[in-house]
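What follows is a single structure, written as structure tokens, with notes after it.
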Amino acid sequence: MSNNIHPDSSILVIFGAGGDLTWRKLIPALFNLCIDNWLPDHLAIIGVDLKEMSDDEFRTHLRDGIDRFSRRGKPEDQMWNGFAERIHYLTADFTAPESYSKLAEILSNQTKEWGLQQANYIFYQATPPRFVETIVEQLGKAKLAHDHKRNRIVLEKPFGRDLDSAHKLNEMLTKVFRESQIYRIDHYLGKETVQNILAFRFANALFEPIWDRRYIDHVQIAMAERVGVEHRGNYYDQAGALRDMVQNHLLQVLCLIAMEPPVSFVDEEIRNRKVDVLHAIRPIPQDKITQYAVRGQYDTGWIEGEHVASYRDEPGVTPNSSTETFVALKLFIDNWRWQDVPFYLRTGKRLPQRGSEVSIQFKPVPHQSFPSSAIGDWQPNRLVIHIQPDEGILLRFQAKRPGPKMRLGLVDMRFTYKEAFQAIPPEAYETLLLDVMIGDATLFMRADQVEAAWSVIMPVLEGWKAVSPEDFPNYEAGTWGPEAAQVLIASDGRSWLKLTAGDEDGD
Ligand code: BG6
């Protein structure tokens, strides 16, 4: 986040470098950082994986990933070649101690070759979760975790599959690395628009005085996807939407919306204010889960004019799976600011629209002075933060319609990143990788945050585990989830707000 600092010389070691994450996200992000001149003068990237590959073969594979996935499209050869020479590949078995002594030697030789005594050694865990423990232990044994300032480990989710396993994972990690060396990624926190929530709330005096229960009726956070589980059926069927999206992305965004103003932008301060929110979330009563949480699973249906398979027919998914692909959740935050203001969270796959947005729904005016003939389609004010697409912010309010009579109409005031800054925002991984190199942990999840987030959803996870869903699949692909989700919010006299960015199928 603190982009005015240039990182120190670094060697980034990617475990699981032959996988999709490296190909689609990490290398395109690093290459963009290179183009924008953010990388340290001395940077080496070492991909580690089981597959036999030469440096050149690895580079060719990565170049293909850049051609396909980089936000800037295909690069010029000269630009790529300058970057590619920093990339190397090591064929290694993650479980074998020799792999780590070899790695230690490579790291030390590279550092000496640069004429340096020391450099940041960053270990990026891009393997399936079953390798995490071995890799961490072996790094410890090879003395690659000893420099508490310069040795860092980056972990991708999932961080366990419930509170207990997350706690054990944290204990295992902290036997080898100090908490300050651990960077747990939630890629939503790297998105420009998510970071902008902090700027919007705390760099302006205008909104904070009305950011509480006196003026806000409720908050909705939606993360809707049109895609199904794609090629990740094996993983997803073990996870489900509650673990995959709510425990991390939705709760992190909720924290940014609900947190108290930080005293400073020091990483620990922001993380403390966020974890306060998680601790203040009212526990969901085990015997009333249905009043707070709804799950759904998609059936066949139509997405953008194409007939798509049901979840149970996706590759890697068990034919009678009870895994949820949709969640709607109601939460309350028990503190002075938010007492009795509901936060409605909603996420799902195969919904009619792709969009992540936060809607702050303000209360109606205390007294309506306009005659009913003037009012028309009157609605209370709403502020919408578009995380994606159409990144920006929208404020909806009433205006006088032109004409001789007093008649009101709804209007939108919009800020879009594209128009205001005339720039394509960096990808989340660009920000996050740069922060790891700099050593700024603000946008990463601390152990206690991860565990507090698991605590919030544990009653639902346990309640759902105890009772199999009998109505699955319960929503057609291309619709807004099961009927019960409408009931959840309608029983409070409210309704789900239509997303204001992107296009809905059938519109
Ligand atoms: C990932 C989930 O963390 O986030 C995926 O595992 C989901 O299931 C993805 O599709 C959504 O991220 P984004 O950035 O596309 O909104």
Side-chain angles (χ1 to χ4, degrees), residues 1-7 10 12 14 16-17 19-40 43 45 47 61-76 79-80 83-84 86-87 122 124-126 154-157 183-199 223 225-227 230 232 244-245 248-249 252-253 256 354-357 385-392 416-438 440-445 501-502:
M1 215 157 62
S2 34
N3 275 5
N4 51 355
I5 304 171
H6 220 63
S10 302
L12 178 67
I14 306 175
D20 247 27
L21 183 72
T22 312
W23 187 54
R24 284 172 188 261
K25 298 283 184 193
L26 303 183
I27 297 295
L30 287 161
F31 184 53
N32 279 326
L33 286 173
C34 175
I35 295 174
D36 292 332
N37 224 2
W38 282 115
L39 293 181
L43 173 84
I45 300 165
H61 164 70
L62 299 178
R63 166 82 193 251
D64 173 53
I66 293 204
D67 289 351
R68 291 183 202 214
F69 305 114
S70 170
R71 66 183 165 88
R72 288 194 163 99
K74 293 187 180 185
E76 307 252 325
M79 197 70 196
W80 165 252
F83 174 71
R86 300 169 173 219
I87 304 177
I122 298 165
Y124 201 111
Q125 181 64 48
V154 187
L155 293 140
E156 280 286 335
K157 71 173 197 155
Y183 292 74
R184 298 177 192 78
I185 286 209
D186 180 324
H187 80 280
Y188 257 74
L189 295 179
K191 289 183 192 270
E192 281 291 311
T193 37
V194 172
Q195 295 173 66
N196 189 45
I197 297 173
L198 289 172
M223 291 184 189
E225 295 185 281
R226 272 194 181 125
V227 291
E230 299 174 292
R232 298 163 70 228
D244 186 51
M245 296 291 288
N248 35 70
H249 310 326
Q252 285 301 311
V253 170
L256 291 169
R354 170 178 175 260
S356 295
E357 57 186 53
I385 300 172
H386 292 152
I387 297 172
Q388 62 192 28
D390 304 341
E391 288 78 0
T416 69
Y417 269 81
K418 225 197 257 156
E419 276 173 28
F421 297 117
Q422 315 261 315
I424 310 171
E427 290 266 348
Y429 276 98
E430 296 173 35
T431 308
L432 296 174
L433 282 163
L434 182 61
D435 280 359
V436 179
M437 286 187 262
I438 290 169
D440 180 347
T442 314
L443 301 177
F444 296 82
M445 314 260 286

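Below, each value reflects all heavy atoms present in this structure, side chains not excepted, and no hydrogens, waters or symmetry copies.
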At their closest point, which heavy atom of Gly190 faces which heavy atom of Leu443, and how far apart are they?
CA-CD1, 4.5 Å
Specify whether Phe69 and Trp23 have parallel, tilted or perpendicular ring planes, treating 30° as the upper limit for parallel and 60° as the lower limit for perpendicular.
perpendicular
What is the distance from atom OG1 of Thr416 to atom CG of Asp390, rounded to the nearest 0.5 Å?
8.0 Å
Just so I know, are the side chains of Gln388 and Arg354 near enough to count as touching, which here means a heavy-atom distance under 4.5 Å?
yes
Going by heavy atoms in the side chains, are Asp435 and Thr442 under 4.5 Å from each other?
no
Are the side chains of Gln252 and Val194 in contact, using a 4.5 Å heavy-atom criterion?
no
Nearest 0.5 angstrom please: Thr431 OG1 to Leu33 CG, how far?
8.0 Å
Note, Ile66 side chain near Ile27 side chain (heavy atom, < 4.5 Å)
yes
Side chain to side chain, Thr193 and Tyr417, heavy atoms closer than 4.5 Å:
yes
CG/Leu155 to CG/Asp186 distance, rounded to the nearest 0.5 angstrom?
13.0 Å
CG of Leu21 to CZ of Arg24: how many Å apart, nearest 0.5 Å?
10.0 Å
Please work out whether the ring planes of Phe31 and Trp80 are parallel, tilted or perpendicular, with thresholds of 30° and 60°.
perpendicular
Closest contact, heavy atoms only, Gly16 versus Thr22:
O-OG1, 3.5 Å
Evaluation steps, side-chain hydrogen bond (donor to acceptor under 3.5 Å, both in side chains), between Glu430 and Asn32:
CA-CA 7 Å; Glu430 296 173 35; Asn32 279 326; 3.2 Å; yes
At their closest point, which heavy atom of Pro426 faces which heavy atom of Glu192, and how far apart are they?
CG-OE2, 3.5 Å
Looking only at atom types and distance, does a side-chain atom of Ser70 sit under 3.5 Å from a main-chain N or O of Arg72, one as donor and one as acceptor?
yes
Under 3.5 Å, side chain of Glu156 to main-chain N/O of Ile185, donor-acceptor pair present?
no
What one should report as the nearest heavy-atom pair of Ile387 and Lys191 is CG2-CD, 3.9 Å
Is there a donor-acceptor pair under 3.5 Å between the side chain of His386 and the backbone N or O of Ser356?
no
Sub-3.5 Å donor-acceptor pair from the side chain of Lys157 to the main-chain atoms of Asp244, do we have one?
yes
Is Arg63 reaching over with its side chain to a backbone N or O of Pro75, donor-acceptor style, under 3.5 angstrom?
yes
In this structure, CD1 of Ile45 is separated from CG of Leu30 (nearest 0.5 Å) by 4.5 Å
With heavy-atom distances below 4.5 Å as the criterion, would you say the side chains of Trp38 and Met437 are in contact?
no
Under a 4.5 Å cut-off applied to non-hydrogen side-chain atoms, are Tyr183 and Leu432 in contact?
no
Could you give the distance from CD1 (Ile438) to NE2 (His6), rounded to the nearest 0.5 Å?
9.0 Å
Return the minimal non-hydrogen interatomic distance between Gly47 and Ala17, and the atom names on each side.
CA-CB, 3.3 Å
Shortest non-hydrogen contact between Pro7 and Pro40, atoms and distance
O-CB, 3.4 Å
Less than 4.5 Å apart, any side-chain heavy atom of Phe444 and any of Val436?
yes
Result of checking Ile385, Asn196, Leu189 against Leu256 for side chain to side chain contact (heavy atoms under 4.5 Å, CB included)
Leu189
